[in-house]
Amino acid sequence: MYRIKIKELIQWKLSKKRKPLIFLGARQVGKTWLIQQFGKTEYKQMAYINFERPNAPKDLFEMDFEMGRIITVLNAYCNLKITAADTLIVFDEIQAAPKGITALKYFYEDSPQYHIIAAGSMLGINIHPEESFPVGKVDFMKLYPMNFYEFLLAMGETGIAELLEKQDLENLFFFNSKLINYLRYYLYVGGMPEAVEDFVENRDWQNVRRIQNQILTSYRNDFSKHAPKEILPRLNMVWDSMSAQLAKENKKFIYGLLKTGARAKDFELAIQWLTDAGLLHKVYNVTKYALPLVAYQELSAFKLFHNDVGLLGAMAQLNSRVIVDGDAVFTEFKGALSEQYVFQQFTQKENLLIHYFTFDNSKYEVDFLVQTKANEIIPIEVKAGTNLTANSFKLFCQKYSPAKAIRTSLADYKEETWMTNLPLYAISTI
């Protein structure tokens, strides 16, 4: 499978200002696989250490941070001769090695010639608050579940995927039916690499769901293993409410759905833990259509999105029959899967700042308000079905006259005087 992050990894390797890289992402999004592919294709050899393995040298950094000693131990453990220019050194699950994160500072200061990648889930990276974090001494990169472009490549549709990458909307039109069909598949399968790989090989919906449920079980086991005991019950309540939260017409997170009388202060640590782990993502409401959007965030009003649309469907026990039931999969849970899908494509574009907008009376809402790297603010309306009526979106555009406005739906690509209709399968082209 191809992951677009490989391009950024190659840029990191070639950078003259390269620092040790901390590679983040939720569990099972494919971090280890991608790093190993990168090591195999871009280096002569790879020194790979997974600190969660029983025989791993977990105490490697506890004695001191003397680089000569550390490299000598790595040579022995990996049974090779590490050469700075030709070897990728990978510290996988680095959170399991005491002082492992701190050691990256000394690689940067004392031995910058080595190519170091430290991988670990966000669950692990945040459980060593007592360690000195190497601020300014490391680079960061995040990996997310596979997006729709990567899904098309996995399905063998390299030609169509190339058109999508080139943003060739006119020629994509000729593959409209096929793309919508693949989009149905993606909304069920999602972007977790194990689920995608199994679907490509077997086309077995039940087996995909079994894999997704196993991933969800492993996440819940991680809660018990890593989360502070005092927040664990509330963390589970937040996690279990995700389907209900996103199935509402208004997808603002409502504490009252957790339990009667629930208050923000009782659950904020649980929500923060889940977002730090990369399992959920916060999108804040903004109170003003103005740059920069972050200055107008309403911290008490937010939506929570899942890390993967397929896992969200699994949590909601979505039946595979919806895949063949016309466009039902797009409208399930009041369009929750479609909105989750759009958000998931945006997360791959780290130059986008993602928010949403609610009018003063809270009756009307714009699904997404995104700020681009060029400081352009784009309102985006997600229409899951064939009914394209969008009163709130039209009201927003009439009031603020944005330079660009996008409605994304199952309808064909069309430029209108006040907005552009962009097919859901092409939302990544904004």
Side-chain angles (χ1 to χ4, degrees), residues 1-5 25-31 33-34 121-122 142-157 161 164 179-220 222 239-240 242-243 245-247 274 277-281 304-325 327-333 335-349 382 384 424-425 427-428:
M1 293 187 294
Y2 177 80
R3 303 301 305 271
I4 57 178
K5 281 291 180 181
R27 288 198 187 277
Q28 303 192 53
V29 295
K31 298 185 301 297
W33 179 88
L34 179 56
S121 66
M122 294 183 186
K142 289 183 181 179
L143 186 67
Y144 299 94
M146 298 171 71
N147 65 9
F148 185 57
Y149 167 76
E150 292 170 319
F151 181 78
L152 287 174
L153 288 176
M155 296 295 295
E157 295 289 357
L164 188 61
L179 281 162
I180 291 176
N181 200 43
Y182 277 127
L183 193 55
R184 290 190 184 97
Y185 294 172
Y186 181 81
L187 262 60
Y188 186 91
V189 176
M192 302 304 284
E194 185 181 357
V196 173
E197 185 176 32
D198 187 86
F199 180 73
V200 169
E201 292 178 359
N202 303 310
R203 303 296 179 100
D204 186 330
W205 301 106
Q206 284 68 40
N207 208 41
V208 165
R209 182 49 45 84
R210 179 185 63 80
I211 291 169
Q212 291 168 335
N213 285 332
Q214 287 176 347
I215 293 172
L216 290 170
T217 298
S218 71
Y219 281 174
R220 196 176 289 276
D222 279 333
W239 181 252
D240 291 339
M242 283 305 300
S243 299
Q245 295 286 352
L246 290 173
L274 287 165
L279 301 179
L280 300 181
H281 302 272
L304 275 184
F305 287 97
H306 208 283
N307 70 327
D308 180 65
V309 65
L311 295 183
L312 177 63
M315 289 179 73
Q317 300 182 27
L318 181 71
N319 194 291
S320 61
R321 286 195 297 269
V322 300
I323 304 301
V324 295
D325 187 15
D327 296 330
V329 69
F330 299 102
T331 56
E332 281 288 332
F333 319 122
L337 295 181
S338 294
E339 197 165 329
Q340 168 71 39
Y341 157 79
V342 170
F343 170 79
Q344 200 164 326
Q345 309 317 297
F346 288 166
T347 57
Q348 298 278 13
K349 295 176 172 288
V382 181
L424 276 166
Y425 58 74
I427 191 61
S428 63

Checklist entry - Relative to F199, does R203 satisfy both conditions: NZ or CZ under 6.0 angstrom from the six-membered ring centre, and within 45 degrees of the ring's axis? => result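 Yes.
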
Determine the minimum heavy-atom distance between [X] and [Y], stating which atoms define it.
X	Y	value
P145	Q348	O-NE2, 2.9 Å
L337	V309	O-CG2, 3.7 Å
T347	Y144	O-CE1, 3.4 Å
N307	A26	ND2-CB, 3.9 Å
G190	V196	O-CG2, 3.4 Å
M146	A154	CE-CB, 4.2 Å

4.5 Å side-chain heavy-atom contact, [X] and [Y]:
X	Y	answer
F305	L312	no
K5	L34	yes
T217	Y219	no

Checklist entry - How are the rings of H306 and W239 set relative to one another: parallel (under 30°), tilted (30 to 60°) or perpendicular (over 60°)? => result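 It falls in the tilted class, 30° to 60°.
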
Checklist entry - Is the F343 ring parallel, tilted or perpendicular to the H281 ring (thresholds 30°, 60°)? => result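 Correct class here is tilted.
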
Which distance, rounded to the nearest 0.5 Å, do you find between the [atom1] of [X] and the [atom2] of [Y]?
X	Y	atom1	atom2	result
I427	S338	CD1	OG	11.5 Å
E194	W33	CD	CH2	14.0 Å
D308	M315	CG	CE	11.5 Å
L279	L216	CG	CG	10.0 Å
D204	I211	CG	CD1	9.0 Å

Checklist entry - Any donor and acceptor pair, going by atom type alone, linking the side chain of E157 with main-chain N or O of L179 inside 3.5 Å? => result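 A pair under 3.5 Å: no.
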
Checklist entry - Backbone N or O of Q345 within a donor-acceptor pair of the N147 side chain at under 3.5 Å? => result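 The answer is no, because no donor-acceptor pair under 3.5 Å joins these two groups.
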
Checklist entry - Taking it one step at a time, do N207 and R210 satisfy side chain to side chain contact (heavy atoms under 4.5 Å, CB included)? => result CA-CA 5 Å; N207 208 41; R210 179 185 63 80; 2.8 Å; yes

Next on the checklist: Taking ring pair (Phe, Tyr, Trp, His ring centres under 6.0 Å) as the criterion, tell me which of Y425, W205, F151, F148 meets it with Y185.
Outcome noted: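 Among Y425, W205, F151, F148, the one that satisfies the ring pair (Phe, Tyr, Trp, His ring centres under 6.0 Å) with Y185 is W205.
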
Checklist entry - Can Q28 and S218 be counted as having a side-chain donor-acceptor contact under 3.5 angstrom? => result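 Yes, a side-chain donor-acceptor pair sits under 3.5 Å.
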
Next on the checklist: Side chains of R209 and Q206 only: does a donor on one sit below 3.5 Å from an acceptor on the other?
Outcome noted: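 No, no side-chain donor-acceptor pair sits under 3.5 Å.
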
Item to check | For D240, all residues meeting side-chain hydrogen bond (donor to acceptor under 3.5 Å, both in side chains), sequence neighbours excluded | outcome: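 For D240, the residues satisfying side-chain hydrogen bond (donor to acceptor under 3.5 Å, both in side chains) (neighbours in sequence not counted) are R220.
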
Checklist entry - Between E197 and M1, is a side chain to side chain contact (heavy atoms under 4.5 Å, CB included) present by the stated rule, with each step listed? => result CA-CA 8 Å; E197 185 176 32; M1 293 187 294; 4.3 Å; yes

Item to check | More than 12 heavy atoms from other groups under 6.0 Å of CD on E201 | outcome: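 For E201, atom CD is crowded (more than 12 foreign heavy atoms under 6.0 Å).
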
Checklist entry - In chain order, what residues pass the side-chain contact (heavy atoms from CB on, under 4.5 Å) check against A336, with sequence neighbours excluded? => result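 Per chain and number, A336 pairs via side-chain contact (heavy atoms from CB on, under 4.5 Å) with L246, K251, F333.
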
Item to check | With sequence neighbours excluded, residues passing side-chain contact (heavy atoms from CB on, under 4.5 Å) with A161 | outcome: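 Y149, L152, L153.
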
